[in-house]
Chemist: 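Mind looking over this structure? Questions follow.
What you see is a predicted model; the values in this text were computed from it and never measured.
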Amino acid sequence: MIAILGRLRRAAPPLPPTGAFASAAASHVGRVRRVNEDRTLDRPDRGLWAVADGMGGMARGDLAAETAIKSLSALADQGTVSEDAVTAALADTDRRLRADPAMQGGGTTIVVLLADDAGATLFWAGDSRAYRLEAARAVPFTRDHSLVADLVAAGLIEPAAADTHPQANVVTRALGAGDPAPVERLRIDFAPGDRLMLASDGCYRSLAPGDAPPNLGVEECAARLVANAVARDGSDNASCVVVERRV
């Protein structure tokens, strides 16, 4: 009998062919903040996209979001990306941020989309969200890791009251803060013709019906979503990534 040493690794699903996706990212500092602590990743060549929303003020949130996105970008540069590799990269980012004395009190929420030829997987921590864009509607996939989301789930407040709750900005999970194992994962359908959006709360908080009509290209759609958020509110950084599957 031949002994097989080491751990067997599950192969990553093959990527769709080149040109399978059209995608674009947009970000704006807003009309109040002086520093943009949001960061985005747009790697259609690897079927990988992300939005990170830094927390903590000063340079800490900026650094945390940058660290998370750089970790995912380095992963994409290595070649085909697997679900386990994304999970490991986010866990490593979480550990590094927690171990850095300069990051005490800071962290970043994040939402990641990894697509393959069979569908896609979402990863998230905090209140950065993923949506399916359907005609004039944006339908959320993710449930926030936040105090108000927990209150809604427990039936203690109505969903309509969540955005105006005095603790609406309190997140319960983030890379570098909160739950030390923060990332949630969800497998979703992602078929040709589908259009998805990843967004920071400064972008989606001002979403309105008709903001992302399907006749817009992905670049114009992303730019319009962010511009509308800044015009309607602008109190926070606003960022999004729009991804359309073509084949």
Chemist: State which residues pass side chain to side chain contact (heavy atoms under 4.5 Å, CB included) with Asn215; sequence neighbours excluded, sorted by chain then number.
Modeler: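 For Asn215, the residues satisfying side chain to side chain contact (heavy atoms under 4.5 Å, CB included) (neighbours in sequence not counted) are Pro213.
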Chemist: Could you tell me which residues satisfy side chain to side chain contact (heavy atoms under 4.5 Å, CB included) with Ala65, sequence neighbours excluded, listed by chain and number?
Modeler: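 Side chain to side chain contact (heavy atoms under 4.5 Å, CB included) list for Ala65, sorted by chain: Arg39, Ala52, Thr108.
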Chemist: Could you pull out all residues at least two apart from Asn228 that satisfy side chain to side chain contact (heavy atoms under 4.5 Å, CB included)?
Modeler: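 Applying side chain to side chain contact (heavy atoms under 4.5 Å, CB included) to Asn228 gives Asp211, Arg224, Arg232.
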Chemist: With His28, which residues qualify under ring pair (Phe, Tyr, Trp, His ring centres under 6.0 Å), at least two apart?
Modeler: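 Residues passing ring pair (Phe, Tyr, Trp, His ring centres under 6.0 Å) with His28: none at all.
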Chemist: Does this structure show an ion pair linking Asp84 with Arg185, if we count only N-O contacts that are shorter than 4.0 Å?
Modeler: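 Looking at Asp84 and Arg185, the cut-off is met.
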Chemist: Please determine if Arg187 and Glu83 form a salt bridge, counting it only when a charged side-chain N lies under 4.0 Å from a carboxylate O.
Modeler: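 Glu83 and Arg187: salt-bridged.
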Chemist: Mind checking what makes salt bridge (Lys or Arg N to Asp or Glu O under 4.0 Å) contact with Arg205, not counting sequence neighbours?
Modeler: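 Once residues adjacent in sequence are excluded, the partners of Arg205 under the salt bridge (Lys or Arg N to Asp or Glu O under 4.0 Å) criterion are Asp201, Asp233.
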Chemist: Check Leu48 against Leu72 and note the closest heavy-atom contact, atom names and distance.
Modeler: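 It is CD2-O, 3.7 Å.
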Chemist: Going by the side-chain contact (heavy atoms from CB on, under 4.5 Å) test, name the single residue among Leu225, Val243, Val139 that passes it with Met197.
Modeler: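 For Met197, the side-chain contact (heavy atoms from CB on, under 4.5 Å) test succeeds with only one of Leu225, Val243, Val139, which is Leu225.
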Chemist: Do Arg96 and Asp92 meet the salt-bridge criterion of a basic N to acidic O distance under 4.0 Å?
Modeler: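 Yes, charged N to carboxylate O under 4.0 Å.
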Chemist: According to ring pair (Phe, Tyr, Trp, His ring centres under 6.0 Å), does anything in residues 72-129 pair up with another residue at least two apart or in another chain? List the pairs.
Modeler: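 Residue pairs with at least one partner in residues 72-129: Trp124-His145.
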Chemist: State whether a side-chain donor-acceptor pair under 3.5 Å links Asp53 with Ser128.
Modeler: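 No - no donor-acceptor pair under 3.5 Å links their side chains.
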Chemist: Got more than 12 heavy atoms from elsewhere within 6.0 Å of CZ, Arg246?
Modeler: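 No, because the 6.0 Å sphere around CZ of Arg246 holds 12 heavy atoms or fewer from other groups.
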Chemist: Does either side chain, that of Arg46 or that of Thr80, offer a donor lying less than 3.5 Å from an acceptor on the other one?
Modeler: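 Arg46 vs Thr80: no donor-acceptor pair found between side chains.
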